[in-house]
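Right, one structure below, let's go through it.
The analysis underlying the following values was restricted to heavy atoms, covering all of them including side chains, and did not include hydrogens, waters or symmetry mates. Here the structure is a predicted model, which is why all the values come from computation and not from measurement.
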Amino acid sequence: PCPAQCTACAAGTGACLACAAGFVLTADGACAPDCGEGYYPLLVSAAAGWQCQPCHGSCLRCNNGSAADCLACRDSAGAASSSSSSNLTFLVARPDSASGAGSCVSVCPAGTTTTSS
């Protein structure tokens, strides 16, 4: 039998192939309420449902897989960027983004300043 929240699973392994409403298929073949850090949900098809796709490598959280769709940044060493990190990266939001998505950079562009959120 399929694990809980799976609507279809692989014979033998039990890995989920599709998830029930309200769940996404993670990279390791499980159903979860969200994708977690480094991934974003994508509706693959009506039959396959929502599946987690990787964010761009500079993004800790994202809306999409491109480098311009980050919601939070990894530091230059690959960890969550924080004020105590010596490898800071900064999110430069796109002016056309209602969600505040943008690109992660190690140096703020000329004429800009850093803000805390």
Side-chain angles (χ1 to χ4, degrees):
C2 289
Q5 291 90 28
C6 291
T7 57
C9 58
T13 66
C16 295
L17 301 175
C19 299
F23 292 89
V24 293
L25 183 64
T26 63
D28 62 357
C31 292
D34 61 57
C35 291
E37 287 184 354
Y39 292 88
Y40 68 96
L42 177 70
L43 182 59
V44 175
S45 70
W50 293 89
Q51 296 180 5
C52 297
Q53 303 294 313
C55 294
H56 183 270
S58 64
C59 304
L60 183 65
R61 290 190 323 275
C62 65
N63 280 340
N64 201 320
S66 85
D69 286 308
C70 299
L71 296 172
C73 301
R74 295 185 185 280
D75 69 18
S76 59
S81 198
S82 69
S83 59
S84 62
S85 172
S86 61
N87 304 306
L88 283 175
T89 56
F90 304 95
L91 181 65
V92 178
R94 293 188 330 264
D96 65 337
S97 174
S99 67
S103 301
C104 295
V105 297
S106 57
V107 177
C108 288
T112 64
T113 59
T114 61
T115 59
S116 299
S117 57

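For the cysteines C62 and C55, the sulfur (SG) atoms lie within a distance shorter than 2.5 angstrom of each other. C104-C59 SG separation is not under 2.5 Å; the pair is not scored as a disulfide.
Listed by first and then second residue, the side chain to side chain donor-acceptor pair (under 3.5 Å) pairs involving residues 15-30 are T26-D28 (not counting sequence neighbours). Among pairs with a residue in residues 39-51, none fulfils side chain to side chain donor-acceptor pair (under 3.5 Å), at least two apart in sequence or across chains.
The two residues P41 and C35 have their closest heavy-atom pair at N-SG, 3.6 Å.
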Show me the donor-acceptor pairs within less than 3.5 Å that the side chains of residues 1-18 make with the rest of the protein, sequence neighbours left out.
from : atom 1 : to  : atom 2 : distance (Å)
T7   : OG1    : A18 : O      : 3.3
T13  : OG1    : A15 : N      : 3.2

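Here SG of C52 is found 7.5 Å from CG of D34. Values are rounded to the nearest 0.5 Å.
Of the candidates D69, N64, N63, S66 forms a side chain to side chain donor-acceptor pair (under 3.5 Å) with just one, namely D69.
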